[in-house]
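One structure below.
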Amino acid sequence: MTETFTILGTAAAEGWPAMWCPCEACREARRLGGRNIRRRTAYQLGERIHIDLGPDSFAQMLEFGLRYHRLEHLLITHSHADHLCPEELHYRSPGFVPGDPPAHLTIHGNAHVEERIRDAGFSLEDCRAQFARIVPFEPIELGEGVVATPILADHAAADEQAVNYLLERAGRTLLQGNDTGWWPEESWEFLATKRLDAAVIECTYGDHPGGVHHLGADDVLEVRDELAKLGALAANCRVITTHFSHNGRWLHEQLVDFFAPHGIEVAYDGMELEL
Ligand SMILES: [Zn+2]
Ligand SMILES: [Zn+2]
Ligand SMILES: [Zn+2]
């Protein structure tokens with residue numbers, strides 16, 4: 001039996017249409033709607049495991065029928081505000097949940113994530129939660145046979161260890177690869193030991209070339225080719241691109257036009273994969 005992995009948001013930090021932006025890409029997204037409406041990045045595996053808790057968490061609950069109170073593990077990629085709104089965790093406390101408490105939650109993240117949650121000024125214990133510091137490349141057991149391994153991304157300030165998570169379950173493997181530039185060597189070496197059934201790779205810059213901390217469309221092709229060269233892609237691996245900024249300009253259909261001939265799918269909010 002597989003478990004459903006849902007891509008809950010596919011935008012870069014400012015969302016798309018961006019809240020304050022009258023540019024053509026945002027105007028067109030507002031006019032066309034559908035897959036051009038992109039919330040901030042987050043993912044969920046089944047009912048127990050969630051990746052990132054950004055500013056659209058509430059909207060994603062409404063749109064996709066999520067039951068956050070059932071979550072047991074929250075994996076945070078890095079401390080940027082589009083991936084972590086610590087204040088939302090406070091609403092787990094008894095004052096806000098007077099009846100049956102939510103399931104106990106373990107929040108996994110780096111030192112910067114821990115600091116932002118601590119600085120938010122409430123007690124995790126009161127919120128039936130605990131923090132667990134991640135160590136790059138050290139697998140984390142999430143129960144029911146699910147293992148998450150953080151790999152180093154090329155993203156965020158030099159002193160922050162931003163990560164992407166490799167999820168393994170029942171012999172299948174999925175890589176969440178947003179908020180990264182070209183991975184550091186250790187990550188490539190680690191990925192060379194894996195066979196991915198699905199790879200979700202970011203394309204923040206769209207038709208612009210990527211560079212530091214993010215990728216553009218041409219870079220996505222390069223990343224895919226490098227993974228293939230290393231033997232890291234299973235025969236039927238689904239390669240999916242996500243985390244788009246309006247500054248990258250291409251609307252959903254334009255992204256599909258570019259990527260489809262290369263066998264790469266374009267993510268949209270609510271897209272489901274199997275793991
Ligand atoms: Zn981001
Ligand atoms: Zn815009
Ligand atoms: Zn970021």
Side-chain angles (χ1 to χ4, degrees), residues 7-33 35-44 50-57 59-60 74-86 88 108-117 134 136 150-165 175-184 187 200-208 210-217 219-220 223 240-252 254-255 266-269 271:
I7 301 178
L8 299 166
T10 56
E14 64 276 49
W16 191 348
M19 224 165 101
W20 306 94
C21 185
C23 84
E24 196 193 338
C26 288
R27 246 184 7 247
E28 278 299 280
R30 286 186 183 96
R31 186 177 71 82
L32 295 165
R35 293 182 177 183
N36 293 294
I37 304 298
R38 299 186 184 278
R39 298 163 189 81
R40 266 59 72 89
T41 294
Y43 308 88
Q44 188 156 318
H50 192 90
I51 301 180
D52 285 345
L53 194 73
D56 291 327
S57 299
Q60 284 157 331
L74 176 60
L75 304 163
I76 303 290
T77 55
H78 63 298
S79 68
H80 289 169
D82 57 321
H83 295 264
L84 174 64
C85 292
E88 299 290 359
H108 306 266
N110 65 27
H112 284 68
V113 170
E114 186 170 15
E115 197 181 305
R116 280 202 62 217
I117 294 173
I134 57 170
I151 71 164
L152 283 176
D154 169 27
H155 190 73
D159 65 338
E160 174 167 4
Q161 288 190 317
V163 300
N164 300 136
Y165 288 99
L175 175 65
Q176 162 266 320
N178 58 269
D179 289 78
T180 184
W182 194 255
W183 281 303
S187 296
V200 182
I201 299 168
E202 75 142 270
C203 186
T204 307
Y205 296 137
D207 73 338
H208 293 32
V212 187
H213 299 172
H214 283 301
L215 302 173
D219 308 305
V220 174
V223 165
I240 295 150
T241 183
T242 188
H243 198 279
F244 305 104
S245 163
H246 59 129
N247 289 319
R249 300 193 296 207
W250 285 342
L251 293 157
H252 187 80
Q254 290 166 292
L255 286 161
V266 178
Y268 52 88
D269 291 15
M271 185 183 204

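Counting begins at 1 with the first residue of the sequence. Just follow the structure's listing: the first ligand is 1, and inside any ligand the first atom is 1. All of these numbers come straight from a predicted model, not from anything done at the bench.
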Fill in: Test salt bridge (Lys or Arg N to Asp or Glu O under 4.0 Å) applied to Arg40 and Asp82, step by step
CA-CA 6 Å; Arg40 266 59 72 89; Asp82 57 321; over 6 Å; no

Discussion item. Report whether any nitrogen, oxygen or sulfur of His213 sits less than 2.8 Å from the Zn ion (ligand 3) (N, O or S, backbone or side chain).
Written reply: no

Worksheet item: Has His80 got an N, O or S atom lying less than 2.8 Å from the Zn ion (ligand 1)?
Response: no

Fill in: Partner of His108 under side-chain contact (heavy atoms from CB on, under 4.5 Å), chosen from Ile51, Ile134, Val113, Ile76
Ile134

Discussion item. Distance alone, cut at 3.5 Å: any donor-acceptor contact between the side chains of Arg38 and His246?
Written reply: no

Fill in: Of all N/O/S atoms in His246, the name of the one nearest the Zn ion (ligand 2)
ND1

Fill in: Of the N, O or S atoms in Asp82, the one nearest the Zn ion (ligand 1)
OD2

Worksheet item: If only atom types and distance count, is the side chain of Asp52 paired as donor or acceptor with the main-chain N or O of Thr77 below 3.5 Å?
Response: yes

Worksheet item: What does the angle at the Zn ion (ligand 2) come to, between atom SG of Cys26 and atom SG of Cys23, rounded to 10°?
Response: 110°

Worksheet entry | Test item: side-chain donor near acceptor, Asp179 and His80, under 3.5 Å | no

Worksheet entry | His155 atom NE2 and Asp179 atom OD2 as seen from the Zn ion (ligand 3), angle to 10 degrees | 80°

